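Notes follow once the structure below has been shown.
Residue numbers start from 1 in every chain, and the chains themselves are labelled A, B, ... in the order their sequence lines are given, proteins ahead of strands. What you see is a predicted model; the values in this text were computed from it and never measured.
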2 protein chains.
Amino acid sequence: MPLSRERIVTAAIDMIERHGVEAVSMRRIAAELSCGVMSLYNHVPSKAALLDDVAERVMSGIEFTAAPGAGWEDQVRAQARAFRAIARRYPRCTMVVVSRPTNSVTGLRPIENALATLREAGFGGGDAVLIMRAFVGFILGSLLREVGVSPALGDAHPSYSAQAPQRLHLDPEEFPQVTSLTAELTRRDPDADFEFGLDLLVHAIAAMVPATPAS
Amino acid sequence: MPLSRERIVTAAIDMIERHGVEAVSMRRIAAELSCGVMSLYNHVPSKAALLDDVAERVMSGIEFTAAPGAGWEDQVRAQARAFRAIARRYPRCTMVVVSRPTNSVTGLRPIENALATLREAGFGGGDAVLIMRAFVGFILGSLLREVGVSPALGDAHPSYSAQAPQRLHLDPEEFPQVTSLTAELTRRDPDADFEFGLDLLVHAIAAMVPATPAS
DNA sequence: ACCTGAACACCGTTCAAGT
DNA sequence: ACCTGAACACCGTTCAAGT
């Protein structure tokens with residue numbers, strides 16, 4: 001099997017999911033593909049570019065399965081869930097996607113879809129962009145939280161995070177809420193969290209939907 | 001001036017803001033502090049721990065300036081803005097904060113505050129946690145977008161991002177919305193974006209506030 | 001207790017040499 | 001056109017030696 005950009009990117013993705021981004025090196029990838037390190041550079045200009053390709057590939061896996069006749073609320077929900085679905089499939093690659101600027105056309109596809117849905121719902125261009133940005137913010141942050149790293153109590157996906165048992169002792173005087181709500185805070189139900197936030201945003205947007213939908 | 005953990009963390013933060021995280025190395029920090037590399041290890045166990053300290057220090061800079069008599073809406077807004085303020089002060093460190101799990105007590109402070117505000121507004125524990133998480137998601141994602149990296153058209157803070165001129169050509173047939181809304185999409189007004197999303201969430205939450213506030 | 005240089009096992013990437 | 005080993009300028013960290 002000849003070396004190719006595709007094969008290298010695939011190897012990188014596998015390695016990220018298996019051992020984490022920090023474990024990825026050009027030398028390890030070469031070893032995985034049984035070739036010399038420098039052979040990689042015939043297909044990929046640099047490690048940074050390779051990681052860009054990883055992000056690109058992962059993003060391109062987004063699949064929208066919106067019912068054609070559905071209202072804009074369901075469409076928006078479906079788009080948000082599609083975005084999130086890739087994070088569940090490639091949890092560790094998601095960190096790469098999220099922490100790296102995407103100037104590629106692939107990254108614009110979801111944005112185009114969201115804007116189209118919102119405009120069809122009757123929103124003006126300016127509002128559509130603002131609403132889309134609020135959604136992107138929420139989705140991005142939720143994935144970040146979910147994928148394991150966040151300024152929150154809960155920790156990552158159980159299979160990855162080893163720090164679960166580590167319970168830092170808290171002064172109930174200083175943290176009355178956090179201590180009294182331990183049960184709710186340690187419960188892990190990312191689906192519920194995501195859907196709740198999605199509901200909040202959709203309801204808020206529904207409240208500002210124009211009276212006369214366009215088209 | 002003797003070496004100390006504080007001085008090392010400060011040097012690391014300065015270096016991150018000036019040259020980016022990827023430029024930070026123990027050897028560079030040692031050079032900056034005019035000491036041998038290994039001297040650092042008398043005060044900091046590892047580079048990873050140092051970056052944890054960086055995140056901790058940055059987070060601890062959050063200052064809440066909520067008017068004591070203000071309603072919960074204003075309190076929540078103030079907390080979100082306080083969080084965001086540090087991202088504007090330490091844009092590049094924010095990536096470190098956001099992409100690294102915080103199991104420290106410092107990271108729980110904002111959560112405690114948010115929960116207290118929401119409970120005082122009359123929400124039950126479970127709802128308060130869900131609402132708080134939605135807010136954290138939105139804030140995290142917004143900071144990520146703002147700090148420069150995101151699946152969006154706009155790019156980072158102008159002083160950092162050099163890729164601004166790079167305009168990727170888009171097919172108007174394939175991306176009608178993105179091409180027709182170029183003006184709105186390239187406009188950079190992070191304040192407006194953030195406030196808009198904040199409004200959405202606050203309104204949605206106000207719509208579900210219980211009839212009888214607690215206490 | 002704090003500092004430090006040498007050394008080890010790694011990096012990404014350039015370059016020149018091969019086919 | 002693609003592959004590759006050697007070499008360069010880096011890494012983080014261990015260890016043993018200094019004060």
Side-chain angles (χ1 to χ4, degrees), chain A residues 1-57 92-93 95-97 99-101 149 160 162-163, chain B residues 1-58 92-93 95-97 99-101 103 149 160 162-163:
Chain A
M1 194 162 28
L3 216 48
S4 73
R5 187 182 266 246
E6 280 72 34
R7 240 159 67 75
I8 295 172
V9 173
T10 303
I13 291 178
D14 285 357
M15 197 173 288
I16 291 171
E17 286 306 326
R18 239 195 304 272
H19 308 286
V21 217
E22 67 288 341
V24 173
S25 77
M26 297 302 270
R27 292 170 133 101
R28 291 242 291 160
I29 293 172
E32 188 83 13
L33 296 173
S34 310
C35 70
V37 204
M38 292 318 299
S39 306
L40 301 176
Y41 287 86
N42 290 309
H43 304 89
V44 162
S46 69
K47 188 188 180 182
L50 173 55
L51 290 179
D52 284 341
D53 285 358
V54 166
E56 181 95 6
R57 168 86 71 80
R92 305 182 109 166
C93 284
M95 276 306 296
V96 178
V97 173
S99 60
R100 162 171 298 268
V149 291
Y160 293 140
Q163 77 262 40
Chain B
M1 192 159 34
L3 218 48
S4 73
R5 188 182 264 246
E6 280 72 34
R7 241 160 65 76
I8 295 172
V9 173
T10 305
I13 291 178
D14 285 357
M15 197 172 291
I16 290 171
E17 286 306 325
R18 240 195 303 271
H19 308 288
V21 218
E22 67 289 342
V24 173
S25 77
M26 297 303 269
R27 292 172 134 99
R28 290 241 292 161
I29 293 172
E32 187 82 13
L33 296 173
S34 310
C35 70
V37 203
M38 293 318 299
S39 307
L40 301 176
Y41 286 85
N42 290 309
H43 303 90
V44 162
S46 69
K47 188 188 180 183
L50 173 55
L51 290 179
D52 284 340
D53 286 358
V54 166
E56 181 95 9
R57 168 86 70 79
V58 170
R92 305 181 111 168
C93 285
M95 276 305 297
V96 178
V97 173
S99 59
R100 164 170 296 270
N103 294 306
V149 291
Y160 293 139
Q163 76 262 42

Do B:V24 and B:H19 have side chains that approach each other closer than 4.5 Å (heavy atoms only, starting at C-beta)? no
Any side-chain to backbone donor/acceptor pair from B:R92 onto B:M15? Under 3.5 Å, distance only. no
Would you name the heavy atoms of B:P2 and B:R7 that are closest together and state the gap between them? O-NE, 3.0 Å
So which heavy atom on B:R100 is nearest to which on B:A55, and how close? CD-CB, 4.4 Å
For the residue pair A:V54 and A:A12, what are the closest heavy atoms and their distance? CG2-CB, 3.8 Å
Does some side-chain heavy atom of B:M95 sit less than 4.5 Å from a side-chain heavy atom of B:I16? no
Within the 4.5 Å heavy-atom criterion, are A:E6 and A:R57 side-chain neighbours or not? yes
One should read off an interatomic distance between B:L3 CG and B:S39 OG, to the nearest 0.5 angstrom, of 6.5 Å
Pairing string of DNA chain D (Watson-Crick or G-U wobble, both atom distances under 3.5 Å; | = paired to other strand) is ||.|||||...|||||.||
Sorted by number, residues from residues 22-30 of chain B placing a heavy atom under 4.0 Å from DNA chain C are B:R27
Closest contact, heavy atoms only, B:C93 versus B:E17: N-OE2, 2.8 Å
Quick check for you: name the first and last nucleotides of DNA chain D, 5' to 3', having an atom under 4.0 Å from a heavy atom of chain A. D:dC2 to D:dA7
Applying the side chain to side chain contact (heavy atoms under 4.5 Å, CB included) test to B:L40, which of B:K47, B:M26, B:R27 qualifies? B:M26
